[in-house]
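In what follows, a single structure is set out as structure tokens and then discussed.
In what follows, every chain begins at residue 1, and chains take the letters A, B, ... in the order their sequences are listed.
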Amino acid sequence: MSDVLAITEHRRGELRDVSLEMVSAGRDLADQTGGDLHLAVVSGDVDALADDVNREGADAIHTVEYGEEFNHDVYTQAIEQLYAEVDPQFLLAPNSVNGMDYAPAVAEGLALPLVTDAIDLAYDDGLTVTREEYGGKVETTIDVEEDHAAVTIRPAEWPQAEGTGDAAIEAFDADIDESEIKSTVTGYEEVAGGDVDISEADFLVSIGRGIDEEENLPLIEALVEATDATLSSSRPIVDNGWLPANRQVGQSGKVVTPDVYIAIGISGAVQHVAGMKGADTIVAINTDPNAPIWDLADYGIEDDLFDVVPALIEEFGGEVPDL
Amino acid sequence: MKILVTVKEVAEVEDEFEISGGDIAEQYLEYDLNEWDDYAVEEAVQISEDVDDVEVVTATIGPERAEETIRMALAKGADRAIRVWDDDLEADSYLDVDSKAELLAAVVEEEAPDLVLTGVQAGDEANGATGVTLAEKIGFEWAAVVNQLDLDVEGGVANVHRELEGGVEELTEVESPAVLTIQSGINEPRYASLRGIRQAQSKPLDVKTLGDVGLDASVLESSLNQTDLYEPESEGDATVWSGDAEETAGELAAFLRDKGVVEA
């Protein structure tokens, strides 16, 4: 009853990185509860995926062979049945887009309390989950009063498990009721690439909500021109239609690895950070001293971008546009 | 056809704030319509403009203050609104996902919509789980993180794109009735027009207690307790250039030249 069951994730035949993070998070928690770590691989080439996720720390891997790709109706049924079989104390799932698509349904189906997007787990006669609110400006701790719970784990918060595990791999024969499958995945589509590949750029000038209005975009474009940089952005700029989707840095956009990344008016929400934390040097220009971007920045200017950017353009001999 | 949109009023925190009594002090909070719900309202209103005979109803759990936000949704084209609140809700310190979904499920039961749209998450608590929990409670099909929706009303199918990580979208057919959690960027939310704002004043906004929707305070019981709220310790050790804008821009320019990324 003190075991942990962690659900892995894959897409188009590949294990996703978050699966290896699930092994680490699950091992951490199982060490604290004094139980075993069970992993689940549902759908796809389950044997190959199970071999891949068999890293140090895993005690057992359960495979459910059904369909090629993720389908939440299949996942929900398979995980609920596997949970009943393994009888763990805690169920862990990734707080990924797909995790968000099945974990709440599984928790509801199993009548488990659900805490999402955990960044830390502590167990001492009860589970305490640390999570963020208000775009990362505050952290909260949530105590779970029941013995059992479901928790989703924030991607990239735990290290990826390494080494080779010796977990027993066992097929679990889930009884999937096909009449309950009411959604069908019909394909995948890549977001259009466009003419610029920001993932190849060495120097990115990136903008966020702080630029306030589309009318202020020429100011940033003047800086980009004066410094021969490449322009990228956080999600809201693309959502507003001010820049095309191929400029978006983040979890749902591109992952970038430039030498220098200047984040202008970007708060540093976790979804954005997922795409830019691999930059060699991160420079923040932001008025908010509590913005999460400061946790990552190597250098920074705590000032209004509308004062700093024109001065910077002039430093490089560019022309400051009238806004 | 009826579309129910869940609308939440969320608090935004000012740059500088203080925490008192385990929460962010009220004077540092500003309230607004949850960003993701704004896209959900717009999607519903667009459907009502494309398809004949569609009613758009909003449902909110929130105090009287939230009516400003709700009127904004009505001004953008929703037809009427429901707000659930009473003394028991007022006294509850932490409303968890399960309780919220239970409350919304009671509203869905009364309204019997064909489609429920929610935002993917709320900007304050960011649980990202109420929509799918609601779907499971009411026996609707669902899809999370939808960034494109093509509704086949006759066929009873919602063709959706789900925005996965890394610039990949999943194409999925979902049988209705369904709950769809709407991702930002799916559309361009309109501004409320002056005419819309005037009209919103006369649109119905029903306030209901827990009892009115067939529930009692037991729905608020939770096994989750928020035990602490604090500013995270900064992990950063950024070198912050100080001075006026000319000085700091000069420092940054020198750094960029030094680093060799700018030659000018």
Side-chain angles (χ1 to χ4, degrees), chain A residues 96-97 100-101 104-105 108-109 113-117 133-135 137-146 182-191 202-203 226-227 238-239 241 251-254 259-260 283 287-288 290 294-303 307-308 311-312 315-317, chain B residues 13 15-16 24 97-98 123-129 132-133 135-137 141 143-145 161-175 184-185 188 223-232 234-236 238-241 245-246 248-250 252-253 255-256 259 261-262 264:
Chain A
S96 57
V97 172
M100 291 168 85
D101 199 43
E108 174 63 23
L114 171 69
V115 188
T116 62
D117 204 19
E133 292 186 351
Y134 300 102
K137 285 192 170 182
V138 297
E139 282 181 11
T140 64
T141 51
I142 306 288
D143 282 3
V144 181
E145 280 179 4
E146 281 181 40
K182 293 174 174 170
S183 67
T184 313
V185 178
T186 56
Y188 294 92
E189 222 172 77
E190 307 277 344
V191 173
D202 293 331
F203 177 30
T227 57
V238 171
D239 280 350
Q251 202 169 51
S252 52
K254 288 266 175 71
D259 295 337
V260 176
V283 182
T287 48
D288 178 3
N290 296 308
W294 293 108
D295 287 343
L296 292 160
D298 301 293
Y299 297 89
I301 298 172
E302 199 185 302
D303 202 350
D307 295 327
V308 176
L312 198 53
E315 278 285 336
F316 292 111
Chain B
V13 186
D15 288 353
E16 303 270 2
I24 297 170
V97 166
D98 190 62
D124 48 9
E125 290 176 334
N127 285 304
V132 175
T133 305
E136 185 69 9
K137 276 188 196 292
E141 191 41 41
V145 195
H161 286 213
R162 295 181 55 237
E163 186 188 76
L164 305 180
E165 296 87 352
V168 178
E169 295 181 2
E170 177 198 282
L171 284 54
T172 304
E173 294 173 1
V174 183
E175 288 182 22
S184 64
E188 199 175 323
S223 54
L224 304 179
N225 290 315
Q226 185 168 304
T227 45
D228 202 1
L229 183 146
Y230 51 91
E231 282 188 63
S234 175
E235 296 161 12
T239 302
V240 179
W241 292 303
E246 280 71 27
T248 55
L252 174 53
F255 170 80
L256 294 173
K259 197 85 179 150
V261 293
V262 187

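- Checking side-chain atoms of A:T141 against main-chain N and O of B:D228 turns up a donor-acceptor pair under 3.5 Å.
- Not one N or O on the side chain of B:N225 forms a donor-acceptor pair closer than 3.5 Å with the backbone of A:D143.
- There is no contact between B:A135 and chain A, counting heavy-atom distances below 4.5 Å.
- Residues B:V132 and A:M100 have side chains not in contact (no heavy-atom distance under 4.5 Å, counting atoms from C-beta outward).
- Not counting sequence neighbours, A:F203 has no partner by the ring pair (Phe, Tyr, Trp, His ring centres under 6.0 Å) test.
- Top candidate by heavy-atom pairs under 4.5 Å with chain B, chosen from A:D303, A:L296, A:D288, is A:D288.
- A salt bridge does not link B:K259 to A:D259: none of the charged nitrogens lies less than 4.0 Å from a carboxylate oxygen.
- A pairwise comparison of heavy atoms in B:I24 and A:V138 identifies CD1-CG1, 3.8 Å as the closest pair.
- In this structure, CZ on B:R162 lies 8.5 Å from OG on A:S183, to the nearest 0.5 angstrom.
- For the options B:V145, B:V174, B:V97, B:V168, heavy-atom pairs under 4.5 Å to chain A are most numerous at B:V168.
- Shown here for A:E315 and B:E246, the closest heavy-atom pair between the two residues is OE2-O, 4.4 Å.
- Your options are B:E188, B:E16, B:E141, B:E125, and the one with the most heavy-atom pairs under 4.5 Å with chain A is B:E141.
- With respect to the salt-bridge test (charged N to carboxylate O, under 4.0 angstrom), the residues B:D124 and A:K137 do not qualify.
- Only the side chain of B:D98 comes within contact range of chain A, with at least one heavy atom under 4.5 Å from a heavy atom of that chain.
- Nearest heavy-atom pair across B:N127 and A:T116 is O-OG1, 2.8 Å.
- In this structure, A:A297 and B:A238 approach most closely via the heavy-atom pair O-CB, 3.2 Å.
- The aromatic rings of A:Y299 and B:F255 lie tilted to each other, with the angle between the two planes from 30° to 60°.
- By number of non-hydrogen pairs under 4.5 angstrom with chain B, the leading residue of A:V185, A:V144, A:D307 is A:V185.
- Between the side chain of A:T186 and the backbone N or O of B:L171 there is at least one donor-acceptor pair closer than 3.5 Å.
- Two residues are said to be in side-chain contact when any heavy atoms from C-beta on lie closer than 4.5 Å; B:V240 and A:W294 meet this criterion.
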Requested in this report: Could you walk me through whether B:L229 and A:E133 pass the side chain to side chain contact (heavy atoms under 4.5 Å, CB included) test, one step at a time?
Outcome: CA-CA 9 Å; B:L229 183 146; A:E133 292 186 351; 4.2 Å; yes

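- Nearest heavy-atom pair across A:P104 and B:T133 is CB-OG1, 3.3 Å.
- Contact of the B:E169 side chain with the A:V191 side chain is registered, since non-hydrogen atoms from C-beta on lie closer than 4.5 Å.
- B:L252 and A:L312 get closest at one heavy-atom pair: CD2-CD2, 3.6 Å.
- Residues satisfying the salt bridge (Lys or Arg N to Asp or Glu O under 4.0 Å) criterion with B:E173, sequence neighbours excluded, are absent altogether.
- Looking at A:D298, the atoms closer than 4.5 Å to chain B (heavy atoms on both sides) all sit in the backbone: N, CA, C or O.
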